[in-house]
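A quick write-up on the structure given underneath.
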Amino acid sequence: MTDIRNISIDEYDYPLPEERIAKYPLAERDASKLLVLRGDDLQASQFKHIGDFLPQNALLVFNETKVIRARLQFRKATGSHIEVFCLEPDDDYQIAFSSSSPVRWKCLVGNSKRWREGSLQMPLKVKGDEVMLTAERVAKNDQYSEIEFSWTPSTLPFATILEAAGEIPLPPYLNREAEPEDRDRYQTVFARYDGSVAAPTAGLHFTKPLLERLCQQGFELDEVTLHVGAGTFRPVATPTIGEHAMHSETIIVRRSLIENLMRHLGGDIIPVGTTSTRTLESLYWIGMMLHEQGMTLRELHVEQWYPYEAHADLTTAEALQHLLDYMTLHRLTRLEASTALMIAPSYRMRVITGLITNFHQPKSTLLLLVSALIGDRWKEAYRFALDNGFRFLSYGDSCLFL
């Protein structure tokens with residue numbers, strides 16, 4: 001525990017020239033480059049050929065979360081511009097998006113000093129009808145503000161309001177406003193469930209024809225949901241990672257996914273992206289919590305440092321079986337939990353055997369996760385990518401680490 005907390009984040013820095021950050025997506029999703037690291041072999045290919053490099057009969061796990069139009073631009077009567085950035089609802093995601101007026105959300109507020117009191121209003125057109133959206137700040141702390149949204153007519157679901165009023169929240173490092181193209185391209189083709197403020201970017205390379213080809217090649221595809229929070233973009237700003245507070249995110253998995261993982265233990269389980277990785281690895285630790293604390297446990301939350309404490313020697317199969325037993329006991333078809341899991345060097349993967357991912361920011365928790373999987377070889381891989389014209393970050397190229 002002491003060792004991991006003392007890891008210096010400077011060891012996970014690298015020079016990333018601004019011109020190497022992909023500001024826009026390629027015309028074709030699967031035309032992106034693919035860096036493959038397998039054993040001692042490092043090579044470049046195109047993403048459309050990823051099936052040629054994946055282990056035979058591998059299970060690929062995708063994150064089905066959908067990016068919401070989280071950025072709301074209000075203007076006060078005085079002319080001041082106030083941005084309200086929706087982070088997560090006070091209630092269950094599905095309930096929040098289907099709810100009629102009002103709803104409460106945790107939000108970041110830009111230009112907050114200009115909004116000391118009163119409400120903000122935004123006139124909208126929804127399917128030709130006039131709608132008025134109102135935002136009122138009901139609480140504030142160091143991390144976020146709690147905003148109550150109300151609207152007329154009040155019977156419209158909040159998902160419809162957000163779709164009409166909001167903008168796609170592009171990553172801050174793109175340094176540009178969202179454009180019409182981003183509505184489609186900053187979204188995976190398999191996105192289903194509203195809730196993220198950032199795309200699970202490893203999934204952006206997949207097309208529907210490519211997914212069909214992978215199935216024809218004998219790979220099995222399954223899904224999880226992790227709603228990506230704004231904290232994913234927050235670099236580690238402290239000298240050591242022990243001082244960094246990991247963000248918490250909601251995860252949802254179906255019983256059938258856990259059963260599928262059980263069938264593939266001993267084979268290859270490859271998540272698409274760091275969000276799918278955090279979800280799958282968190283499942284092991286939730287199973288451990290149930291083993292240690294019993295099946296009556298109600299709050300299923302993985303704390304940041306929980307995996308690095310002393311625990312029983314529990315196999316992955318035993319941990320997953322605890323999840324299935326818990327779901328049977330509580331008559332659940334899907335498991336909903338939250339995770340603040342930090343995967344960093346010295347962490348031992350319990351579920352995954354490889355990773356499809358993009359290139360990540362220097363000094364980021366995502367780069368720490370990559371290093372936990374492949375060790376210091378991330379330096380060699382990133383150097384190779386910089387020397388061979390790869391594009392970096394959300395709209396950039398991809399890696400397959402085995």
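Along the sequence shown, residues are numbered consecutively beginning with 1.
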### Query
What are the two closest non-hydrogen atoms of C399 and L34, and how far apart are they?
C-CD1, 3.9 Å
### Task
Please confirm whether the backbone N or O of L204 pairs with a side-chain atom of R29, one donor and one acceptor, at under 3.5 Å?
yes
### Task
Could you tell me whether E380 and R377 have a side-chain N and a carboxylate O separated by less than 4.0 Å?
yes
### Task
Answer with yes or no whether the side chains of N63 and S276 bring together a donor and an acceptor at under 3.5 Å.
no
### Task
In plain terms, say whether R20 and E18 are close enough for a salt bridge, that is, a side-chain N and a carboxylate O under 4.0 Å apart.
no
### Query
For E177, does the CD atom have more than 12 heavy-atom neighbours from other residues, nucleotides or ligands under 6.0 Å away?
no
### Query
Is a donor on one side and an acceptor on the other found under 3.5 Å between the side chain of H360 and the backbone of N358?
yes
### Message
Run the side-chain hydrogen bond (donor to acceptor under 3.5 Å, both in side chains) test on E179 and Y24 for me, step by step, so that the C-alpha distance in whole Å, both residues' side-chain angles and the decisive distance to 0.1 Å come before the verdict.
### Response
CA-CA 10 Å; E179 299 178 17; Y24 291 89; 2.7 Å; yes
### Query
Sub-3.5 Å donor-acceptor pair from the side chain of S371 to the main-chain atoms of P345, do we have one?
no
### Task
May I ask you to decide if the ring planes of Y306 and W285 are parallel, tilted or perpendicular, using 30° and 60° as cut-offs?
perpendicular
### Task
Tell me yes or no: between the side chains of D397 and H205, is some donor less than 3.5 Å from an acceptor?
no
#### Entry: E249 side chain vs G229 backbone, donor-acceptor pair below 3.5 Å
yes
#### Entry: Side chains of E88 and Y144 in contact at under 4.5 Å (non-hydrogen atoms)
no
### Message
Tell me whether S80 contacts the main-chain N or O of R114 through its side chain, where contact means a donor paired with an acceptor under 3.5 Å.
### Response
no
### Task
Go through the steps to decide whether Y347 and E281 satisfy the test side-chain hydrogen bond (donor to acceptor under 3.5 Å, both in side chains), and finish with yes or no.
CA-CA 10 Å; Y347 179 89; E281 290 297 313; 2.6 Å; yes
### Query
Do F74 and H81 have ring centres separated by under 6.0 Å?
no
### Task
With F149 as reference, evaluate S99, S101, C107, P102 under the side chain to side chain contact (heavy atoms under 4.5 Å, CB included) test and give the passing residue.
C107
### Query
Can you tell me if T240 uses its side chain to pair, donor with acceptor, with the backbone of N6 under 3.5 Å?
no
#### Entry: Criterion ring pair (Phe, Tyr, Trp, His ring centres under 6.0 Å) on F359 and F390, from CA distance to verdict
CA-CA 9 Å; F359 295 93; F390 278 69; 5.7 Å; yes
### Query
By side-chain hydrogen bond (donor to acceptor under 3.5 Å, both in side chains), which residues pair with T315, not counting sequence neighbours?
E318
### Message
Check this for me: Q217, atom CD, are more than 12 non-hydrogen atoms of other residues, nucleotides or ligands nearer than 6.0 Å?
### Response
yes
### Query
Do you know the tightest heavy-atom contact between K23 and L174?
CD-O, 3.4 Å
### Query
Taking atom types as modelled and ignoring hydrogens, do the side chains of Y173 and S394 form a donor-acceptor contact shorter than 3.5 angstrom?
yes
### Summary
One should read off an interatomic distance between L300 CG and Q293 CD, to the nearest 0.5 angstrom, of 9.5 Å
### Task
With sequence neighbours left out, write down each residue that passes side-chain hydrogen bond (donor to acceptor under 3.5 Å, both in side chains) with E83, or none if nothing qualifies.
R71, Q73
### side chain to side chain donor-acceptor pair (under 3.5 Å) partners of residues 36-50, not counting sequence neighbours, each pair once
D41-Q43
### Query
Does the distance from a Lys or Arg side-chain N to an Asp or Glu carboxylate O, for E223 and R192, drop under 4.0 Å?
no
### Query
Residues two or more places apart in sequence or in another chain: which of them pass salt bridge (charged side-chain N to carboxylate O under 4.0 Å, His left out) with K66?
none
### Heavy-atom donor-acceptor pair, D30 side chain to F47 backbone, under 3.5 Å
no
#### Entry: Worked verdict on S145 versus R137 for side-chain hydrogen bond (donor to acceptor under 3.5 Å, both in side chains)
CA-CA 7 Å; S145 292; R137 180 151 49 189; 3.1 Å; yes
#### Entry: Side-chain touch R391/L26, heavy atoms, less than 4.5 angstrom
yes
### Lys/Arg-Asp/Glu bridge criterion (N-O < 4.0 Å) met for R69, E163
yes
### Message
To the nearest 0.5 Å, what is the distance between CD1 on I50 and CZ on F219?
### Response
9.0 Å
#### Entry: Test item: V67 and V228 side chains (from C-beta on) under 4.5 Å apart, heavy atoms
no
### Residue pair L108 / L87, side-chain heavy-atom distance below 4.5 Å
yes
### Message
Can you tell me if E19 has over 12 outside heavy atoms packed within less than 6.0 Å of its CD?
### Response
yes
### Task
Rounded to the nearest 0.5 Å, what's the gap from CG on L280 to CD1 on I258? Could you check?
10.0 Å
### Query
Is the CZ atom of R176 crowded by more than 12 outside heavy atoms at less than 6.0 Å?
yes
### Message
So, applying side chain to side chain contact (heavy atoms under 4.5 Å, CB included) with R255, which one of L332, T328, N260, L335 is it?
### Response
T328
### Task
Give a yes or no on whether the backbone of H244 and the side-chain of Q304 come within a donor-acceptor separation of less than 3.5 Å.
yes
### Query
OG1/T274 to CG/L369 distance, rounded to the nearest 0.5 angstrom?
6.0 Å
### Task
Among residues two or more places apart or on two chains, list those pairs meeting ring-ring contact (aromatic ring centres under 6.0 Å, His included) that have a residue in residues 111-140.
none
### Query
What is the ring orientation for W378 with Y382, classed by angle as parallel under 30°, tilted 30 to 60°, or perpendicular over 60°?
perpendicular
### Message
Assess whether a salt bridge exists between K379 and E11, defined as any Lys/Arg side-chain N lying under 4.0 Å from an Asp/Glu carboxylate O.
### Response
no
### Message
Check the orientation of Y14 and F392. Use parallel for under 30°, tilted for 30 to 60°, and perpendicular for over 60°.
### Response
tilted
### Query
Do the side chains of V351 and T316 get nearer than 4.5 Å, heavy atoms only?
yes
### N/O donor-acceptor pair under 3.5 Å between K33 side chain and N388 backbone
yes
## Note on the structure
So CD1 of I269 and CG of L355: to nearest 0.5 Å the spacing works out to 13.5 Å
### Query
How far apart are the closest heavy atoms of I82 and N111, and which atoms are they?
CD1-O, 3.3 Å
### Message
So R278 and V302, do their side chains get closer than 4.5 Å, heavy atoms only?
### Response
no
### Message
Once you measure the plane-to-plane angle for W105 and F97, does it fall in the parallel (<30°), tilted (30-60°) or perpendicular (>60°) bin?
### Response
perpendicular
### Query
Does the side chain of D194 reach to within under 4.5 Å of the side chain of Y93, using non-hydrogen atoms?
no
### Task
Measure the CD1-CG distance between I343 and L341 for me, rounded to the nearest 0.5 Å.
4.5 Å
### Pairs satisfying side chain to side chain donor-acceptor pair (under 3.5 Å), at least one member in residues 117-131, at least two apart
Q121-T134, K125-E130
#### Entry: For A319 against M288, the heavy-atom pair lying closest together
CB-N, 4.5 Å
### Message
Tell me if a side-chain donor or acceptor on S98 pairs with a main-chain N or O of I95 at a distance below 3.5 Å.
### Response
yes
